[in-house]
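Structure first, then comments.
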Amino acid sequence: MSILSFDHFSSLDDAQCEERIVTAKATLGKRLVILGHHYQREEVFKHADFSGDSLKLSRQASLSEAEYIIFCGVHFMAEVADILSRPEQTAILPDLVAGCSMADMADLPKVERAWRELSEVMEADKQITPITYINSAANLKAFCGRHGGVVCTSSNAQKVLEWAFSQRQKVLFFPDQHLGRNTGYKMGIPLEEMVVWDFDKLHGGLSEEELKRAKIILWDGFCSVHQQFMPEHIDQFRATYPEGKVVSHPEAPFDVCQKSDEVGSTEYIIKTVKASPIGSRWLIGTEVNLVNRLAKESEAEGKFVHYMAPVVCMCSTMYRIDPQHLLWVLENLVAGNVVNQIKVLPEEAEQAHLALEQMLIVST
Ligand code: 13P
Ligand code: SF4
């Protein structure tokens, strides 16, 4: 059957989509798995067969037997699913516009330039392990694979950094400076030994001496969603609820993480709140869809969940995945058409696989 146009789906309301999604899923049965990141809106999240943080979902993608892996998340997640799955499996992203603005802050030409300029100051391939946060394009994971580097996620960054330092003395960490700094500091690396590489300046705007002294060279990237959280928000919460606890995602700025009781991945945040006693009160520094869902579930369990920022910090790209797009890709699969496949170039996928594989080994 010819490809069903999205035009026939865009005007459907969520309730109409819901019913048809359930039917299409049942028709496809075991041929399909839907993976849903914790930041997905409820109308989509409810259809996920597996939910989780980036690490958990990567593992799930590598273990899945399904012919089709629909990733309700963002572009780099579907790329990882494609790289870690078998060649005969197909990774699909319901809306191709669902990117990650932080991932876009590092690209291959800029990272290769940084590596060249670092090589002018030291023997980069002998002295520096490149680490890319999983929130990055496949060609950056391939770069790490080529240069003896590795991928990390928010839940294994410390283990990955420890491995990296067992290989070489220094680390180039991209694209998220906050995850790198928060993790490095927790490992005992002083702030003065973590410098920020400004990718618009020669040698990152750093002197030879600063580069030689640095243990971690942090890319000047960040998540605009987590950037909204501020230490004042924590102070206000603590003033009102002295017994309350605070948990933040490590993409939040350093001073926010320092003031938090707990710092961890999306999965960690959920587990921490779930494991807390009845009557607990939590302030949470991460994306609003996760927090709203957790607040609702926690209320039923006699716990109180508050959102950290006074303004809504939503990941607008995660929000691109809506029931209309999910239904559109599903009904096309039922009709025998694959739309929105994510396919990483074979050579790139092979090199990226090395860096992802290393991450999975280190984090077991
Ligand atoms: P997690 O791996 O903790 O789910 O984080 C992914 C992400 O993009 C957070 O902004
Ligand atoms: Fe990217 Fe931030 Fe959205 Fe996570 S929350 S997917 S880092 S833009």
Side-chain angles (χ1 to χ4, degrees), residues 35-41 44-45 48 50-61 71-81 84 93-107 131-137 140-141 151-160 173-180 182-183 219-229 247-253 256-257 260 262-273 284-294 307-309 311-321 356 359-360 363:
L35 305 180
H37 186 263
H38 291 305
Y39 292 165
Q40 289 293 298
R41 54 168 89 185
V44 169
F45 189 82
F50 296 98
S51 61
D53 61 12
S54 307
L55 180 63
K56 192 172 160 194
L57 292 175
S58 307
R59 283 219 169 92
Q60 207 55 58
F71 216 120
C72 295
V74 287
H75 194 270
F76 72 83
M77 296 179 177
E79 278 188 336
V80 170
L84 292 179
L93 182 66
D95 186 347
L96 297 180
V97 182
C100 164
S101 54
M102 175 215 278
D104 294 342
M105 289 179 189
D107 61 28
I131 302 181
T132 188
Y133 188 22
I134 197 162
N135 297 40
S136 57
L140 291 182
K141 296 182 176 83
V151 178
C152 79
T153 76
S154 61
S155 53
N156 59 19
Q158 179 160 346
K159 282 185 178 168
V160 169
F173 192 99
F174 47 88
D176 186 24
Q177 60 170 293
H178 298 300
L179 176 64
N182 287 324
T183 314
W219 198 256
D220 193 9
F222 57 86
C223 165
S224 47
V225 177
H226 290 83
Q227 195 88 340
Q228 310 278 342
F229 303 124
V247 55
S248 300
H249 194 277
E251 285 174 17
V256 169
C257 289
S260 300
E262 305 270 353
V263 176
S265 77
T266 55
E267 184 79 8
Y268 178 86
I269 292 171
I270 293 167
K271 280 194 177 150
T272 302
V273 173
I284 304 196
T286 199
E287 206 266 354
V288 71
N289 280 291
L290 181 158
V291 182
N292 284 347
R293 187 177 307 116
L294 189 56
Y307 188 58
M308 192 176 285
V311 291
V312 171
C313 307
M314 188 182 67
C315 178
S316 54
T317 47
M318 285 272 183
Y319 200 70
R320 295 294 306 209
I321 310 296
L356 280 162
M359 171 190 84
L360 292 173
S363 47

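All values reported here derive from a predicted model rather than from experimental measurement. Every number for a ligand or one of its atoms is a count from 1 in the order of the listing. For this chain, numbers begin at 1 and follow the sequence in order.
For the ligand labelled ligand 1, residue Glu251 lies inside the 4.0 Å heavy-atom shell. Residue contacts with ligand 1 include His37, since one of its heavy atoms falls under 4.0 Å from the ligand. Using a 4.0 angstrom heavy-atom cutoff, Glu251 counts as in contact with ligand 2. Using a 4.0 Å heavy-atom cutoff, Asn135 is listed among the residues neighbouring ligand 1.
Neither the backbone nor the side chain of Met102 has any atom closer than 4.0 Å to an atom of ligand 1 (non-hydrogen atoms only). Contacts between His249 and ligand 1 below 4.0 angstrom, taking non-hydrogen atoms only, involve the side chain exclusively. Counting heavy atoms closer than 4.0 Å to ligand 1, residue Thr266 contributes atoms from both its backbone and its side chain.
Against a heavy-atom cut-off of under 4.0 Å, Tyr39 is close to the following atoms of ligand 2: 4 (Fe), 5 (S). Near Cys223, meaning under 4.0 Å from one of its heavy atoms, ligand 2 places the atoms 2 (Fe), 5 (S), 7 (S). Residue Tyr39 has at least one heavy-atom neighbour below 4.0 Å for each of these atoms of ligand 1: 7 (C), 9 (C), 10 (O). Counting the atoms of ligand 1 from 1 in the order shown, those under 4.0 Å from a heavy atom of His226 are 10 (O). Every atom of ligand 1 is numbered from 1 in the order shown, and the set under 4.0 Å from a heavy atom of Ser265 is 3 (O). Taking a cut-off of under 4.0 Å to the non-hydrogen atoms of Ser101, the atoms of ligand 2 that pass are 8 (S).
The closest protein non-hydrogen atom to atom 1 (Fe) of ligand 2 is Cys100 SG, 2.4 Å. In this structure, atom 3 (O) of ligand 1 lies nearest to the protein heavy atom Ser154 OG, 2.6 Å.
Atoms SG and NE2, on Cys315 and His37 in that order, are 9.0 Å from each other to the nearest 0.5 Å. To the nearest 0.5 Å, atoms CD (Glu267) and OG1 (Thr272) are separated by 10.0 Å. Note that SG of Cys72 is 10.5 Å distant from CE of Met318, once rounded to the nearest 0.5 Å.
A donor-acceptor pair under 3.5 Å is absent between the side-chain atoms of Trp219 and the main chain of Thr132, judged by distance alone. Under a 3.5 Å cut-off, the side chain of Asn182 and the backbone N or O of Pro250 do form a donor-acceptor pair. Counting only distance, with no hydrogens or angles, the side chain of Glu251 and the backbone of Cys223 share no donor-acceptor pair below 3.5 Å. A donor-acceptor pair under 3.5 Å is absent between the side-chain atoms of Asn292 and the main chain of Asn289, judged by distance alone.
For a distance bound of 2.8 Å, the N, O or S atoms of Cys315 include one lying that close to atom 3 (Fe) of ligand 2.
Considering Ile134, Asn289, Asn135 only, the shortest heavy-atom separation from atom 7 (S) of ligand 2 involves Asn135.
Inspection of the Thr153 and Ser54 side chains reveals no N or O donor paired with an N or O acceptor under 3.5 Å.
Note: an N/O pair closer than 3.5 Å links Ser54 and ligand 1 by distance alone.
Ring planes of His38 and Phe45: tilted class, angle from 30 to 60°.
Within the 4.5 Å cutoff, side-chain heavy atoms of Leu84 are placed close to those of Leu360.
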* To do: Dump the intermediate steps for side-chain hydrogen bond (donor to acceptor under 3.5 Å, both in side chains) on His249 and Glu287, then the final yes or no.
  => CA-CA 9 Å; His249 194 277; Glu287 206 266 354; over 6 Å; no

